[in-house]
Amino acid sequence: MPNYLVRDIKLAPAGRLKIDWVSQHMPVLNVIREQFIKEQPFKGYRVAVCIHLEAKTAYLAEVLKAGGAEVSIAGSNPLSTQDDVAAALADAGINVYSWYNATAQEYKEHLLHLIDDQPDIVIDDGGDVVQLLHTERTEVAAKVLGGCEETTTGVLRLRSLEKQGALKFPMIAVNDAYCKYLFDNRYGTGESVWSGIMRTTNLITAGKTVVVAGYGWCGKGIAMRAKGLGAKVIVTEVDPVKAIEAYMDGCHPMHSLEAAKLGDVFITATGCKDVFTARHYQVMKDGAILCNAGHFDVEINIPDLAAMSAGRRKVRKDIEEFSLSDGRKIYLLAEGRLVNLAAGDGHPAEIMDMSFALQALSARYLLDNAGGLLNKVYVVPKEIDDRVANLKLQSLGVHIDRLTPEQAAYINEWNHAT
Ligand code: NAD
Ligand code: SAH
């Protein structure tokens, strides 16, 4: 019997339907699953997964289990766990510690349960499990063979740990693979953030002024889709090159205090804190909508907003209204947590197909190379990135050219005939 802490195990059949649906749209992961079933690369190993616990992640957990792993799983955000999916995984023999709307203490307890299952491999999303392994569970960390990190902020945290010489096991920066950030961060976030905003507010985007804070991979995707929906797009940045990129892409880069006066909808995607604070709220329009797509709920300073408000109340699922003392109202979506996951299903299956294929193959790489890796942050090996790209193309029925030997020689030659 697996161990589990889920809201209601009777929800399992509904969760199973969700997992079955997404698995039909994850062809790359399906090929890997078949290979894992034959080769059993994880037999005898424990894998701990801490990623948003919805259907696509559940399918990744099942693929690892099909490859012989004993899998434990917890959600990577207190608001993104889907209780029916969690129940379906527990029902399928996976150790699950997670429920929707966990308190901060419950969220931490769930991660500690995950760690107490003594994983050989950890798959983390944002760095919370790795942080606990380096602080409160160092005896478990000593036995971990390695791990994989899903997102930009988690990779930044790992690099800072590595720089201090404190990283206790090798980690693979899955986020930094081409088949991850080019598609997941850009097209995945671009689409799922709008899906989250639209289903939550049920308001039109066309004609609105949208302010995107941060023009990195996520911000670019969000801005691109905002334009497609007919919005005027303003970008705020701290990096001058990214600001020029936004300008050339047809957005309007400007200082955040100027943008604050103009925006109808504000979306943060920086990985930074205090992107919007009291000085911005002071000049925002009545009815402005705020939401976040970055890692933590610190991009929009909520304590500042609360301090300026005479009252706050929930006006719709995932929408809180803050009534400012001067009569203006400002709306916050999904408690300032990632709007696409806390108020939606996250990225589409076809996107997570690539991200999770990279996770599955990187986890296997860690086992195949255990002992030979240092306590460093590694990039995903090019063969794995290329394999995922080729499998994805195959699944799309797209054939591409190959270099002829003469072409290959030509592009590697410096001494061309002039
Ligand atoms: P990135 O590094 O490519 O981009 C971040 C951008 O924000 C950079 O261009 C940086 O200059 C800018 N920035 C930093 N501080 C700023 C500030 N105070 N004001 C304005 N701009 C600022 O990172 P990314 O891959 O786009 O990821 C952004 C965040 O989103 C990370 O926290 C990441 O973990 C998270 N993420 C979320 C999802 C999701 O599903 N919602 C998906 C992938 C990544
Ligand atoms: N602990 C963080 C997690 C960062 S979320 C938090 O505070 O919530 C950012 C990551 O979520 C992205 O890198 C992306 O790969 C992942 N993601 C997006 N949609 C997802 C989905 N449908 N299922 C699982 N993970 C998803």
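Just so you know, residue 1 is the first one in the sequence shown, and it goes up from there. Atoms within each ligand, like the ligands themselves, are counted from 1 in listed order.
Atom 26 (O) of ligand 1 has Cys218 N, 2.8 Å as its closest protein atom, hydrogens excluded (heavy atom only). Here the protein heavy atom with the shortest distance to atom 33 (C) of ligand 1 is Thr151 OG1, 3.5 Å. Among all protein heavy atoms, the one lying closest to atom 25 (O) of ligand 1 is Thr152 OG1, 2.7 Å.
The option with the heavy atom closest to atom 3 (C) of ligand 2, from among Thr57, Asp125, Leu53, is Asp125. Of the candidates Glu54, Gln82, His295, Lys56, the one placing a heavy atom closest to atom 7 (O) of ligand 2 is His295. Counting only non-hydrogen atoms, the option in Glu237, Lys242, Arg337, Glu245 that gets closest to atom 6 (C) of ligand 1 is Glu237. Across the listed options His52, Glu299, His295, Glu150, His295 owns the non-hydrogen atom lying nearest to atom 35 (C) of ligand 1. Among His52, Met352, Lys180, the residue whose heavy atom sits closest to atom 13 (O) of ligand 2 is Lys180.
Within the 4.0 Å heavy-atom criterion, neither part of Asn175 lies near ligand 2. When non-hydrogen atoms are compared, ligand 2 lies under 4.0 Å from the side chain of Phe356 (C-beta onward) but not from its backbone. Within the 4.0 Å heavy-atom criterion, the part of Leu338 lying near ligand 2 is the side chain and not the backbone. Counting heavy atoms under 4.0 Å from ligand 1, residue Thr153 touches it through both backbone and side chain. Both the backbone and the side chain of Thr270 come within contact range of ligand 1, each with a heavy atom under 4.0 Å.
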- request: Mind running salt bridge (charged side-chain N to carboxylate O under 4.0 Å, His left out) on Asp176 and Arg159 for me, showing each step along the way?
  value: CA-CA 12 Å; Asp176 293 0; Arg159 293 209 194 281; 3.0 Å; yes
field: side chain to side chain contact (heavy atoms under 4.5 Å, CB included) evaluation trace for Met171 with Val130
entry: CA-CA 10 Å; Met171 287 291 301; Val130 169; 4.0 Å; yes
message: Test salt bridge (charged side-chain N to carboxylate O under 4.0 Å, His left out) on Arg16 and Glu62; report intermediate values, then the result.
response: CA-CA 12 Å; Arg16 175 53 48 198; Glu62 294 196 333; 2.6 Å; yes
- prompt: Taking it one step at a time, do Glu149 and Arg157 satisfy salt bridge (charged side-chain N to carboxylate O under 4.0 Å, His left out)?
  reply: CA-CA 10 Å; Glu149 171 52 55; Arg157 291 173 84 183; over 6 Å; no
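Distances below 4.0 Å separate heavy atoms of Gly346 from the following atoms of ligand 2: 19 (N), 22 (N). Below 4.0 Å from some heavy atom of Asn77 lie the following atoms of ligand 2, by number and element: 6 (C), 7 (O), 8 (O). Near Ile51, with a cut-off below 4.0 Å to any heavy atom, the atoms of ligand 2 are 24 (C), 25 (N). Taking every non-hydrogen atom of Asp345 and a distance limit under 4.0 Å, the qualifying atoms of ligand 2 come out as 22 (N).
Residue contacts with ligand 2 include Asp184, since one of its heavy atoms falls under 4.0 Å from the ligand. Contact between Tyr181 and ligand 1 is absent, with no heavy atom of the residue lying under 4.0 Å from the ligand. Taking a 4.0 Å cut-off on heavy atoms, Lys273 fails to register as neighbouring ligand 1.
With hydrogens and angles disregarded, no donor-acceptor distance shorter than 3.5 Å links the side chain of Lys227 to the backbone of Gly250.
With no hydrogens or angles considered, no side-chain donor-acceptor pair links His52 and Thr57 at under 3.5 Å.
Partner Tyr107 forms a side-chain hydrogen bond (donor to acceptor under 3.5 Å, both in side chains) with one of Asn101, Asp128, Asn77 and no other, that one being Asp128.
Backbone and side-chain nitrogen or oxygen atoms of Leu338 are examined, and none is located within less than 3.5 angstrom of a nitrogen or oxygen of ligand 1. The shortest N or O to N or O distance between Cys272 and ligand 1 is not under 3.5 Å. Ligand 2 has no nitrogen or oxygen under 3.5 angstrom from a nitrogen or oxygen of Tyr107.
Taking the six-membered ring for Trp and the full ring otherwise, the centers of Phe276 and Phe266 sit less than 6.0 Å from each other. Aromatic ring centres of His113 and Tyr4 lie farther apart than the 6.0 Å criterion allows.
Between Asp116 and Arg137 there is a salt bridge, since at least one side-chain N of the basic residue sits less than 4.0 Å from a carboxylate O of the acidic one.
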